[in-house]
Amino acid sequence: KQLLWRHNHPIRAQNSNHTIDDGFELEDVPHLTNFLPDLPSYPNPLHRSQAYAIVKKTFVSPEDVVAHKIVVQKNSPRGVHFRRAGPRERVYFNSEEVRACIVTCGGLCPGINTVIREIVCGLNYMYGVDDILGIEGGYRGFYSKNTMQLTPKTVNDIHKRGGTILRTSRGGHDTNKIVDNIQDRGINQVYIIGGDGTQKGAAAIYKEVEKRGLKVAVAGIPKTIDNDIAVIDKSFGFDTAVEEAQRAINAAHVEVESVENGVGIVKLMGRYSGFIAMIATLASRDVDCCLIPESPFYLEGQGGLFEFVEQRLKENGHMVIVLAEGAGQEYVAQSMHVVDGKDASGNRLLLDVGLWLTQKIKDHFMEVQKMPINLKYIDPTYMIRAIPSNASDNVYCTLLAQSAVHGAMAGYTGFTVGPVNSRHAYIPIARVTETQNIVKLTDRMWARLLASTNQPSFLHNSEMMKEKLDRETLDVINEMKINSI
Ligand code: ATP
Ligand code: MG
């Protein structure tokens with residue numbers, strides 16, 4: 001929060017003698033000159049570039065901002081704005097003095113290699129930088145592993161491969177050791193690709209760099225396949241994941257359609273948010289029911305999952321359930337009597353809800369209902385994470401990487417990049433790590449999904465649901481006086 005500065009910007013309303021406070025707020029990102037005020041600046045080398053010669057006039061003014069809210073209701077504040085990303089007329093690094101490094105941390109996601117490639121090519125082609133190090137094996141690679149020199153030639157083909165050529169890891173973030181290493185190696189631009197944990201690590205690195213008064217720009221490129229990063233429109237790899245998920249859903253559908261009473265279960269990524277499951281369901285049309293962490297469900301009784309499965313089998317002879325990995329975790333934990341486990345980065349380890357649900361449905365129909373079913377469980381999660389990014393994600397990764405390069409060259413630091421209402425912006429790191437995006441049950445998209453699958457909303461079991469639903473959803477339900485709850 002200390003990194004942010006907000007100000008109110010009063011304007012004079014048109015045709016009015018009153019000055020009104022329009023509620024404009026700017027959440028700015030830090031700049032190297034905040035703690036190194038005497039830094040010299042240089043004309044942007046893009047002035048000389050052929051590609052930019054024709055668009056010279058479109059250097060982004062440092063005053064340009066991007067609005068977080070796209071719809072502003074009458075008399076409501078204009079709200080938060082962020083600095084617009086893009087090349088600045090003047091930069092704070094002389095290209096010859098730049099020694100950049102790139103590190104990738106956390107889980108895999110389609111598109112990481114494309115971002116690496118485009119940072120390298122962006123720095124080299126646009127700014128003439130040719131000293132770029134790849135830090136191998138995540139944060140701990142700063143102090144325990146080798147580095148590799150990255151050039152446009154060495155990264156030329158990497159976007160066609162999944163994974164990360166720099167490799168990755170969890171845990172091992174030691175801020176002091178990392179910054180010591182940055183100093184020792186003479187690195188002055190650090191590009192950090194990773195999820196929420198990684199971005200928290202990036203914020204810690206930025207703060208230490210500032211404390212030591214180093215001329216080092218720290219840029220974060222947010223990575224999460226789950227699309228749960230706050231503020232930005234979408235995270236890279238998400239489109240690819242949704243597209244690849246179609247193949248698994250399709251396989252499940254083909255399987256269950258070919259047998260009697262076929263039930264297909266497909267587990268997709270989504271630890272805390274069900275965006276992949278929701279959008280993959282909406283895209284597919286073969287899914288009868290989508291279960292996500294944000295929407296509690298129950299199995300038995302009126303309006304429960306078993307009743308719905310039975311109804312679909314009677315109507316259609318088969319059905320497909322899409323399940324986000326974070327859904328129903330409390331049931332699985334109860335049934336397995338397990339205590340929470342943690343990974344090396346301190347994240348809660350999830351239990352396999354797919355296996356649990358498969359067993360529950362089998363037990364119910366085979367043992368209790370005495371109704372033979374053919375159940376197929378497909379878990380494509382690791383296959384999805386490992387593929388290269390698709391065309392639209394490749395374009396998106398390029399934009400992210402170029403925005404990060406322009407931002408670091410212009411002297412911004414402690415920022416992450418991402419599109420806000422489809423305009424790329426520089427966002428203070430703290431803003432994207434303090435909250436996570438989740439599917440809101442009161443949003444239009446979830447209503448569209450319910451309308452598309454015609455699945456139960458699981459709102460019948462009043463007592464159980466009241467405990468699990470969030471306040472906002474309960475308020476809406478109460479307001480609408482839905483009788484069943
Ligand atoms: P994803 O969850 O999408 O796989 P992530 O970036 O959240 O990605 P993590 O394993 O949680 O993955 O974290 C990656 C790196 O960030 C690890 O090296 C970890 O030590 C470091 N890290 C995580 N949380 C913090 C924190 N609060 N402060 C500093 N470093 C952190
Ligand atoms: Mg994470």
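Both ligands and their constituent atoms are indexed starting at 1 by order of listing. Along the sequence shown, the residues carry numbers beginning at 1.
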- Specify whether Tyr139 and Phe142 have parallel, tilted or perpendicular ring planes, treating 30° as the upper limit for parallel and 60° as the lower limit for perpendicular. parallel
- Query: What is the closest protein heavy atom to atom 29 (C) of ligand 1, and at what distance does it sit?
  - Reply: Gly201 CA, 3.4 Å
- Proximal protein heteroatoms (N, O or S) of the Mg ion (ligand 2), under 2.8 Å: Asp196 OD1
- Task: Would you check if there is a donor-acceptor pair between the side chains of Thr453 and Asp288 at a distance under 3.5 Å?
- Result: no
- Relative to the heavy atoms of Ser345, which atoms of ligand 1 are at a distance of less than 4.0 Å? 9 (P), 10 (O), 11 (O), 13 (O), 17 (C), 19 (C)
- Message: If you take the centroid of each ring, where Trp contributes its six-membered ring, are Tyr412 and His406 closer together than 6.0 Å?
- Response: no
- Query: Do Tyr139 and ligand 1 have an N or O pair less than 3.5 Å apart?
  - Reply: no
- Task: Could you list which atoms of ligand 1 come closer than 4.0 Å to a heavy atom of Gly106?
- Result: 4 (O), 8 (O), 12 (O), 14 (C)
- Ring-ring centroid check Tyr396 Phe236, cutoff 6.0 Å: no
- Message: Are the side chains of Ile265 and Leu375 in contact, using a 4.5 Å heavy-atom criterion?
- Response: yes
- Salt-bridge criterion met for Asp28 and Arg83 (N-O under 4.0 Å): yes
- Query: What protein heavy atom is closest to atom 22 (N) of ligand 1, reported as residue, atom name and distance in Å?
  - Reply: Gly197 O, 3.3 Å
- Query: Who's closest to atom 8 (O) of ligand 1 heavy-atom-wise, of His173, Lys223, Lys200?
  - Reply: Lys223
- Tell me yes or no: between the side chains of Asp226 and Thr224, is some donor less than 3.5 Å from an acceptor? no
- Query: Between Tyr331 and Phe297, is the gap from one ring center to the other below 6.0 Å?
  - Reply: yes
- Query: Among side-chain atoms of Arg212 and Asn176, is any donor-acceptor pair under 3.5 angstrom?
  - Reply: yes
- Note on the structure: For Asp130, the salt bridge (charged side-chain N to carboxylate O under 4.0 Å, His left out) test, sequence neighbours excluded, returns none
- Task: Measure the distance from atom 7 (O) of ligand 1 to every protein heavy atom, then report the residue, atom name and distance (to 0.1 Å) of the closest one.
- Result: Asp196 OD1, 2.4 Å
- Message: If you compare all heavy atoms of Ile232 against all heavy atoms of Ser235, which two are closest, and at what distance to 0.1 Å?
- Response: CD1-CA, 4.3 Å
- Return the option from Ile229, Ile193, Asp174, Thr198 holding the heavy atom at the smallest distance from atom 6 (O) of ligand 1. Thr198
- Note on the structure: A student comparing Cys105, Gly171, Gly138, Gly172 should find that the heavy atom closest to atom 18 (O) of ligand 1 comes from Gly171
- Query: What's the shortest distance from atom 12 (O) of ligand 1 to any protein heavy atom, and which residue and atom give it?
  - Reply: Arg170 NH1, 3.1 Å
- Query: Do Asp352 and Glu325 touch side chain to side chain, with heavy atoms closer than 4.5 Å?
  - Reply: no
- Message: What protein heavy atom lies closest to atom 11 (O) of ligand 1? Include the residue and the distance to one decimal.
- Response: Asn347 ND2, 2.8 Å
- Item | ligand 1 atoms in contact with Gly107 (distance to a heavy atom under 4.0 Å) | 1 (P), 4 (O), 8 (O)
- Out of Gly141, Gly195, Ser235, whose heavy atom sits nearest atom 5 (P) of ligand 1? Gly195
